[in-house]
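Counting begins at 1 with the first residue of the sequence. In listed order, ligands and their atoms are each counted from 1.
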Amino acid sequence: MLPIKGLEKMSLIDFPPYQSCVVFVGGCNFRCPYCQNKDLVIGFEEKPDMDEEEFFKFLMDRKKWLDAVAITGGEPTLYPELAGFIEKIQARGFKVKLDTNGSNPELLKKLVDNSLVDYVAMDIKAPLEKYELAADSNVDKDKIQQSVELLLSGNVDYEFRTTVVPDFFAEDDAHAIGKWLKNCKRYVLQQFRNDMGTLNPAYMSARKYPKDDLFFFQKILKQYINDVQIRGI
Ligand code: SF4
């Protein structure tokens, strides 16, 4: 069973233009020090799972108001059960958005090939050569690249997105990521937030880039990608 550790009952911002609920799945294979969902990464096993039947009852009770389910984590693709869970959501008439760190291209491909996702938001932690530093983990970079290529092939709507943390992102990284993801459909720069805690407590007091720096990075990235957005400012 998918370890559902939390549910946001209504969101207008996670999968626009749809009204969605957000399912939080526990467990992650990365340890990004600036992670805002630390309780889904470490110690999540101690929190009880939400009963799947209870979730689907909630979903059907809200059918009038909800169009979609956004699945986030943690890292939802750690679990092969994800495909079956999504099938049950779709069978009830809801769209599905998936957030992923891109570390499981095999499962991602299965979901895309079987039309089990309507939108994928894939994290880009840093240029590939800096990935292990930014994710503070051993990362199979071939798998990240496979996920990138899968999304670039355009069989599902998607975005790539980077949480912009000064330790891992500077002007040269904006160029490197722009060249890497050149002509992708959509790329989002997300302002780093640390008001709800971070996986590595040192990042709770880490500096953020001011807005103007984010606009500067956006301008650089627009040399390579048409649609570059900024979130969280
Ligand atoms: S930010 Fe990093 S550690 Fe946190 S859930 Fe995403 S991939 Fe996992």
Just to be careful: counting only protein atoms that are N, O or S, how many fall under 2.8 Å of atom 4 (Fe) of ligand 1? 1
Do the charged groups of Lys141 and Glu129 touch, with an N to O distance under 4.0 Å? no
Sub-4.5 Å side-chain heavy-atom contact between Leu152 and Tyr158: yes
Give the C-alpha distance, both sets of side-chain angles, the deciding distance and a yes or no for side chain to side chain contact (heavy atoms under 4.5 Å, CB included) between Gln229 and Glu159. CA-CA 10 Å; Gln229 301 177 15; Glu159 70 185 37; 5.8 Å; no
Centre-to-centre under 6.0 Å for Phe56 and Phe85, is that the case here? yes
Lys/Arg N to Asp/Glu carboxylate O, Lys47 vs Asp39, below 4.0 Å: no
Parallel under 30°, tilted from 30 to 60°, perpendicular over 60°: which one fits the rings of Tyr34 and Phe192? perpendicular
What residue and heavy atom of the protein are closest to atom 6 (Fe) of ligand 1, and at what distance? Lys125 NZ, 3.8 Å
